[in-house]
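Please read the structure below before turning to the comments.
Start at 1 and go down the list; that is how both ligands and their atoms are numbered.
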Amino acid sequence: MEERVDETVSEPPLYSWKNRWMRTSVLSLVAMTVASLLIGFVWLPSEHGDFSAEGIWASICRAAGVPKRWGPVDQVAAASRTTAVVLNRSMAEHGSDQAVGLGATVALQCTICHGVRGLTSSDAPNLAGQYPEVIIKQLDDYRRGDRVNSVMRAYAQGLTPTQVHDVAAYYAYLPRAVNPALEGGTAAPKLVQVGDAMRNIASCASCHGGRANKLGAPWLEAMPKEYLLAQLTAFATGARHNDSHGQMRNMARRLTSAETEDLATFYARRPTE
Ligand code: HEC
Ligand code: HEC
């Protein structure tokens, strides 16, 4: 008697490698995994300008949305930081008479460059009448290296936090130099008075005094012209990057060199001119 061949029995069992369905699904799973690894770790990162190869673990964490760094700020973070100073109103309070007196002693080491009464004829900035929070913030930025200047970094690192507050109180107390044209309000360049809305440049006077003062915006009037030019250029190139949210960098980048020159010339005017 002829035996009937049962087709299903001749097929190997489902979970065996000999089963072609099993083989196909395992191989396609491997192929898909390799393809997604290549896409996730090679292709997508290479399309991202800010990608830095930090190993597979960092890539997995980034893909999962884990922040790049936790805990204490290290040097890499400091290099990409604009400023670590958080301004608050109390920094803008004028110091006590005692603080002013102590600050005068601290300032003895600064007079060689910043002038006996805080007004310079060199290229260093005036400090007389500067807002106290500006002096505190800038010294803190120099100390941490967020504003780069080797001379000022050394001086800032040599001061205790109390000395920083005292010296800020002293300079804020000294009478500032004013720009007569700006106080009159008519002869100032258009950018100072109204800015340029089309280029997203707000009026300088809305932050730097003349119309309003924004916490942390320095008193600019009668500053040395070379200093103003250097700072505007440094903001434009990004060499100075301690302005929070890039507010000065964004505006300085849009100024033409003729406008930068005009603005520096205008702000640098002194009462006698
Ligand atoms: C050897 C010269 C020199 C000495 C001494 C010096 N400074 Fe300066 N200071 C400068 C120069 C130059 C700059 C501008 C640097 C820059 O381009 O960032 C500056 C900038 C500053 C600024 C920033 C001002 C602004 O408008 O942004 C402050 C605040 C300051 N100095 C405070 C001090 C204090 C306080 C001392 C004394 C403890 C001091 N400096 C000693 C040369 C000096
Ligand atoms: C939205 C407010 C704002 C406007 C508008 C603005 N500034 Fe500033 N500016 C600032 C602040 C804040 C700083 C201090 C940045 C920092 O913390 O170092 C600054 C810093 C500066 C400095 C460096 C001064 C120093 O002593 O170091 C110059 C120069 C300057 N601005 C010029 C200008 C000019 C010129 C304009 C107009 C075209 C202008 N700014 C418009 C907010 C402003």
Side-chain angles (χ1 to χ4, degrees), residues 82-85 87 103 105-115 118 120 122-143 146-160 163-172 182 188-196 199-221 223-236 239-255 259-268:
T82 62
T83 179
V85 182
L87 289 168
T105 318
V106 178
L108 290 175
Q109 40 175 323
C110 323
T111 51
I112 181 172
C113 299
H114 291 286
T120 65
S122 70
D123 293 346
N126 293 334
L127 296 177
Q130 187 55 275
Y131 301 104
E133 84 277 5
V134 169
I135 297 180
I136 297 169
K137 176 186 187 285
Q138 299 301 326
L139 287 174
D140 222 6
D141 283 344
Y142 283 128
R143 185 174 59 79
D146 291 338
R147 181 171 173 187
V148 185
N149 183 272
S150 49
V151 172
M152 277 314 303
R153 180 168 210 189
Y155 277 97
Q157 286 182 335
L159 301 175
T160 65
Q163 286 178 316
V164 167
H165 279 82
D166 292 347
V167 84
Y170 169 68
Y171 279 120
L182 193 59
K190 189 172 158 273
L191 281 170
V192 172
Q193 296 194 56
V194 291
D196 182 352
R199 284 186 291 164
N200 229 347
I201 302 175
S203 95
C204 318
S206 64
C207 289
H208 285 286
R211 192 164 311 133
N213 173 246
K214 186 175 189 293
L215 190 69
W219 181 257
L220 297 180
E221 295 176 34
M223 283 272 193
K225 181 181 166 187
E226 285 310 315
Y227 175 74
L228 294 172
L229 265 183
Q231 298 309 309
L232 286 171
T233 311
F235 278 131
R240 178 170 172 184
H241 47 76
N242 67 324
D243 52 329
S244 55
H245 307 296
Q247 51 187 348
M248 272 312 301
R249 274 171 288 167
N250 288 335
M251 285 181 285
R253 240 181 257 132
R254 298 187 187 112
L255 298 170
E259 286 169 334
T260 307
E261 171 79 24
D262 275 359
L263 288 164
T265 310
F266 171 74
Y267 268 113

Heavy atoms only: which of Pro218, Gly246, Cys207 lies closest to atom 13 (C) of ligand 2?
Pro218
Going by the 4.0 angstrom heavy-atom rule, the piece of Val134 near ligand 1 is neither
To atom 12 (C) of ligand 2, the nearest of Gln247, Arg249, Met251, Lys137 on a heavy-atom basis is Gln247
Counting only heavy atoms, which portion of Asp123 has something under 4.0 Å from ligand 1: side chain, backbone, both, or neither?
neither
Any heavy atom of Leu127 under 4.0 Å from ligand 1? The part involved is side chain
Going by heavy-atom distance to atom 14 (C) of ligand 2, choose the closest among Gly216, Ala205, Ala234.
Gly216
If I take every N, O or S atom of Met152, is at least one of them less than 2.8 Å from atom 8 (Fe) of ligand 1?
yes
Angle at atom 8 (Fe) of ligand 2 (to 10°), with one arm to NE2 of His208 and the other to SD of Met248
170°
Do ligand 2 and Asn242 have nitrogen or oxygen atoms that lie under 3.5 Å from each other?
yes
Checking the N or O distance criterion of under 3.5 Å, is ligand 2 in contact with Ser244?
no
Please list the nearest protein heavy atom to atom 20 (C) of ligand 1 with its residue and the distance rounded to 0.1 Å.
Tyr142 OH, 3.3 Å
Taking distance alone, with no angle check, do Lys214 and ligand 2 share an N/O pair under 3.5 Å?
no
For ligand 1, indicate whether the residue Pro125 contacts it via side chain, backbone, both or neither (heavy-atom separation under 4.0 Å).
side chain
So does His114 have any N/O/S atom less than 2.8 Å away from atom 8 (Fe) of ligand 1?
yes
